[in-house]
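Just so we're on the same page: letters track the sequence lines, and every chain starts at 1.
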Number of protein chains: 2
Amino acid sequence: MKVKTGRIREQNSLKILAAAEAEFVKHGFKGTSMQNIADAAELPKANVLYYFSSKKNLYVAVLSAIAERWDSNLDDMHESQDPGEVLNNYIRNKVDLAIQYPNASKIYATEIIQGAPNLKEHMRTGLRTWLREKTRVIEAWIAQGKMDRVDPNQLIFLIWSSTQHYADFEAQILTVSNKQEYDSDDVEQIKRFLCQVILKGVGLTPPGNA
Amino acid sequence: MKVKTGRIREQNSLKILAAAEAEFVKHGFKGTSMQNIADAAELPKANVLYYFSSKKNLYVAVLSAIAERWDSNLDDMHESQDPGEVLNNYIRNKVDLAIQYPNASKIYATEIIQGAPNLKEHMRTGLRTWLREKTRVIEAWIAQGKMDRVDPNQLIFLIWSSTQHYADFEAQILTVSNKQEYDSDDVEQIKRFLCQVILKGVGLTPPGNA
DNA sequence: GTCTATACAAGGATAGAC
DNA sequence: GTCTATCCTTGTATAGAC
């Protein structure tokens, strides 16, 4: 019984994408060689170039996969919902994402630090639209007197920065804390701290603040 | 009258360091060539290698200059001072630093994202000591009932992440905001927002909350 | 002290065997 | 569809002229 070619292709592609993500994080785009990626994926170098016709191409594929995963986790929020509950869930979700996919967060961060040459378009269209929508909802909550009068954009930026920090600055946080990795207690503590401080900071109370 | 050799050396070194910082930010360590740096510094390539004997050496020099500037701006805080005032000043200071030296923040961030291979030692010694000291002061404030019971380490991380974000993610923030650069109004608004939310979030009020 | 010319290595990409 | 061998560019670093 012949194995379908499509399956091999798919499996190899995924192996390469995972390996590439790990290597790009450690050494940057230029610092990563196709040989590194091939070795990590346990495939010959030419094979990697066979699936993704160029290094640049492979890098963009890695970025796209990350952006897709990122966007898929952007929960919808409606002004009819309770702001404390919505923001609480959003923050906890972002922390989970950061801890679960640190490499994704790191590559995304590196790309933006370098001026976002491959993400400018995504930000000008998709992200800006998403942000405007959320801003509108938060402004509605403020108008309804449900929370303090703060700049909605800044609030979103604060949530992004404070949550992603645990992925991007992992090396710093673990080193000064003298730890090898985050354990589940750490993660819960991070979530509680951020929810407590940010929600209280904008005049909200977490839903079940146990 | 002969120009002192030391002056030329110093001036060229500074020009090279500035050029290197700008290039390393845009393309990363491996992605930056000595030719790029030499062109940006308006000097021949061999001249750059004459002053800093290797590329790695030059990169470490850039990092050291950054770490030094960073550390010199770590204000002292004492438990006898008013926590609201101290944290307010610290946050405003960090925002100024981020806006004034975005490249420094970006290179530092990139280095940590990649696992801090050249900063591990600095973090294990200098930074950890600094953090422990601040933690002690914040714990004293909490014990004195002057602020909410929060994890002091997390509070420091929150201040670092939220302030540095405006430097590191400049490209994202400016793009979604449809701006070319931060103006002085933006900077003041950022400071007010962060001080307001973070201080209130830990049970403090800014000193002169105008 | 400054710069030109060059040795030498690494890596991306392709041609073509299997 | 998969992989070996190779071409060619780029880039670090040095030797040595001025």
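In this structure, N12(A) atom CG and dG1(D) atom C1' are separated by 11 Å, rounded to whole Å. The separation between Y59(A) atom OH and dG11(C) atom P is 19 Å, rounded to whole Å. In this entry the distance linking CG of N47(B) with P of dA15(D) reads 18 Å, nearest Å. The distance between atom CZ of F52(A) and atom P of dG1(D), rounded to the nearest whole Å, is 14 Å. Residue L58(A) contributes atom CG, which lies 16 Å from atom P of dG11(C) at whole-angstrom precision. Summarising the geometry, the separation between CG on L43(A) and C1' on dC3(D) is reported as 11 Å, rounded to the nearest angstrom. Atom pair E42(A):CD and dC3(D):P shows a separation of 13 Å (rounding to whole Å applied).
Residues M147(A) and I138(A) have side chains in contact (heavy-atom distance under 4.5 Å, counting atoms from C-beta outward). L43(B) is listed as a side-chain neighbour of N12(B), based on a closest heavy-atom distance under 4.5 Å.
In the set dT2(C), dC3(C), dT2(D), the nucleotide with an atom closest to the side chain of Y51(A) is dT2(D).
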Report the C-alpha distance between V86(B) and W141(B) in whole Å, list the side-chain angles of each, state the deciding distance to 0.1 Å, and finish with yes or no for side chain to side chain contact (heavy atoms under 4.5 Å, CB included).
CA-CA 11 Å; V86(B) 170; W141(B) 285 333; 3.9 Å; yes
Run the side chain to side chain contact (heavy atoms under 4.5 Å, CB included) test on V137(A) and Q81(A) for me, step by step, so that the C-alpha distance in whole Å, both residues' side-chain angles and the decisive distance to 0.1 Å come before the verdict.
CA-CA 10 Å; V137(A) 173; Q81(A) 294 174 289; over 6 Å; no
Please assess S105(B) against W70(B) for the test side chain to side chain contact (heavy atoms under 4.5 Å, CB included), listing each intermediate value before the final yes or no.
CA-CA 9 Å; S105(B) 182; W70(B) 237 230; 3.8 Å; yes
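For the segment residues 13-23 of chain A, the set of residues with a heavy atom within less than 4.0 Å of an atom of DNA chain C is empty.
In summary, E139(A) and R136(A) do not engage in a salt bridge, as defined by a charged side-chain N under 4.0 Å from a carboxylate O. Salt-bridge formation is not detected for the pair K120(B)/E111(B): no Lys NZ or Arg NE/NH1/NH2 atom is positioned less than 4.0 Å from an Asp or Glu carboxylate oxygen.
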Any chance you could list the contact pattern along nucleotides 12-18 of chain C? Use B for base contacts, S for sugar-phosphate-only contacts and - for none, protein heavy atoms under 4.0 Å, 5' to 3'.
BBB----
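No side-chain donor-acceptor contact under 3.5 Å links Y101(B) and E21(B).
Taking 4.0 angstrom as the limit, Y50(B) places none of its side-chain polar atoms (N or O) nearer than this to OP1 or OP2 of dC3(C).
Using cut-offs of 30° and 60° for the angle between ring planes, the W130(A) and Y90(A) rings count as tilted.
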